[in-house]
Number of protein chains: 2
Amino acid sequence: MTVHKFASEFKAVAMPAGRRLGLSAATPVQQVTCLAAGEQIYGQGEQAKALYEVEYGAVRVYRLLADGRRQIAAFHMAGEVFGFEADGTHHFFAEAIGATGVRVMRLGASAEISHKLLPLALQSLVRTQEHLLVLGRQHAIERVAAFLLDMAERQGGLAEFELPMSRMDIADYLGLTIETVSRAFTRLKEKGIVKLPGLRSVHIIKYQSLDDMSA
Amino acid sequence: MTVHKFASEFKAVAMPAGRRLGLSAATPVQQVTCLAAGEQIYGQGEQAKALYEVEYGAVRVYRLLADGRRQIAAFHMAGEVFGFEADGTHHFFAEAIGATGVRVMRLGASAEISHKLLPLALQSLVRTQEHLLVLGRQHAIERVAAFLLDMAERQGGLAEFELPMSRMDIADYLGLTIETVSRAFTRLKEKGIVKLPGLRSVHIIKYQSLDDMSA
DNA sequence: CGGCTCCTTGACAATCGTCAAGCCTCGTGG
DNA sequence: CCACGAGGCTTGACGATTGTCAAGGAGCCG
C-alpha cells in the first residue's frame, strides 16, 4: 500500500484574541473561523475543547496508521457538527478540505446542553455505522455508488453537484485506492448511470440504478 | 459471496406485564431479561423504545444487505450499553449470541437523563470509528489481531479468555469470510503469537507482536 | 505557454473469496 | 458410557477483485 505524507503541522486557528474569553458561560461561546484548504482543525492526541459546526466548505476527519495508511472516518458538510470525543482527547485529525468556515463552540459546563448534543452525537453514530456496512461488505463499485448517493443527498438532493474532495480523499474514505475509485467512476460513466462533466462535478442520470447498486 | 439466512423471527421479550407501565417516570424503568442463544432483542425498522445494558453474555448488532451479506457493527459485552438510535427507529438487528442477560432501560423523558447517556453514546461512537479504521485499512491478519486484543481487553485484560462468538460472527464483524478468519487464526498460532486450546478459547502468548500487527 | 498536480488507464501481482472436502467438537440418544 | 450425527472449523486449490507499479493525459495556475 502506497504511503503518503500529509501536512501535519498544526496551524493555530486564527481567532481574534479578545473574543476567546468567557469560556464557561451557560451559553457556549460561538466563534466562526475561516480555514484554507488543508488547514488542521484539531489533531490526534490533542485535548478536545470544543465542538465544530461547518458553515461552508467541507471537513475530513481521519486517522493514520503507523505506516501512513489513512482512513477518513467522515466528511462533514455545511450544517453538520463534529468533534465529539469520549474522554476529552481527540483520537482523530480534522482538516478543512477546501476553503471552509467553521463555527467553534467551546463547551463550558457541557452537562447543561447535553440534551442538545445527544441527537447530534447519535446522528454521527448512525452515519458511522452505515459507513461500517459499506466498508465491511460492499465491493468497490457499490462503495462508490453509496458515496455518490450520500453526497447528492447531503448537498440538497439535486442530481447535479460538485464534490468538494479529491479522489484520494474518496479512496481513503471508502477504504480503496485512487485507481480503484477512478475505475469505478469510469464504469458508472460507461454504464450511463452518471455523467462527469468535470473532475469534481457529478451528474446522476439513473438514480435508481445507483440506489440498486449501493443496497 | 455466500448468502446465509438468519433466524429473523421476532421473539417477544418475556417480561411481566404489570411492570411495563409507568414509562415516563423520571427514573427509567429497569428490567432484566434473560435471552437464549440467537434470540432477537430488536429488529431493523422497529421503534426504539429502550436502551439495553448487558448483564452477562454477549450481544451482536448487525445489518443485512438485500442479498444476505451481513455486517456486524458491534459486539457488546457485560457492562456495555447499546440500542442508541437517532430517529427513534432501529436501523440494526440486535441478538443474544449465547445465553445473555440484558437490562432493559425504558426511556421516558429522555432529555432529563441525556447527560448520563451522552458519554455512553460517545463511547459507542469512538468504538465504531476505531472499527472503521480496521475495516477500511487493515489486512485480514491485522483485523484478527486487533479483534483479539479488543476482546482480551474487554474481558478483563487477561491473556487467556473465551470468545463468546462463532467464527462466522467474527468474520461478519471483520468484513471477512470464515475461511479467511480461520487462516488468520492458524497463522497467528503457527507464529507462536497465540495458542488456541479450544475452538473458542484464546491464549495470547506474544502480546507485543499482536499489538504491533494491529497498529 | 510551461510546469505542476490530479486523474485515468493498462499490465501484473497479491490478497481474499469461492468451492469443495475432510476433521473436530459437542450434544444427543441408544 | 459409547456411538452417532450435525454443525462448526480447518485446509487446499483455484479464481476474482483489488492493490501496485508505471506511464500518459487533462486541467489549472503562474
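By convention in this document, chain letters (A, B, ...) are assigned in the order of the sequence lines, proteins followed by strands, and residues within each chain are numbered from 1. Just so you know, these numbers come straight off a predicted model, no measurement behind them.
To the nearest angstrom, C1' of dC6(C) lies 12 Å from CD1 of I170(A). What separates CD of Q138(A) from P of dG17(C) is a distance of 15 Å, to the nearest Å. With rounding to whole Å, D169(A) atom CG is found 10 Å from dC6(C) atom P. Atom-to-atom, CG of D172(B) to C1' of dG17(C) comes out at 13 Å; the value is rounded to the nearest Å. Rounded to whole angstrom, the span from the CG atom of L174(B) across to the P atom of dG17(C) amounts to 11 Å. Taking atom CD1 of I141(A) as the reference point, atom P of dG19(D) lies 13 Å away to the nearest angstrom. Note: CG (L176(A)) to C1' (dC7(C)) measures 16 Å, nearest angstrom. Per the geometry, CG belonging to L163(A) stands 16 Å off P belonging to dC6(C), to the nearest Å.
Qualifying side-chain contact (heavy atoms from CB on, under 4.5 Å) partners for Q123(B), counting only residues two or more places apart in sequence or in other chains: R127(B). Under the ring-ring contact (aromatic ring centres under 6.0 Å, His included) criterion, Y52(B) pairs with Y42(B), F82(B), not counting sequence neighbours. Under the side-chain contact (heavy atoms from CB on, under 4.5 Å) criterion, A48(A) pairs with E85(A), H90(A), not counting sequence neighbours. Remark: F75(B) pairs with Y173(B) by the ring-ring contact (aromatic ring centres under 6.0 Å, His included) rule, at least two apart or across chains.
A cation-pi arrangement is found for R167(B) relative to F185(B), the charged atom lying closer than 6.0 Å to the ring centre and inside a 45° cone about the ring normal.
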- Task: Treat primed atoms plus P, OP1 and OP2 as sugar-phosphate and everything else as base, then score nucleotides 5-12 of chain D 5' to 3': B for base contact with protein heavy atoms under 4.0 Å, S for sugar-phosphate contact only, - for none.
- Result: ----SBBB
Show every donor-acceptor pair shorter than 3.5 Å between a side-chain atom in residues 207-215 of chain B and any protein atom, with sequence neighbours excluded, or say none if there are none.
unit_1	atom_1	unit_2	atom_2	d
Q208(B)	NE2	D212(B)	OD1	3.0
S214(B)	OG	D211(B)	O	3.2

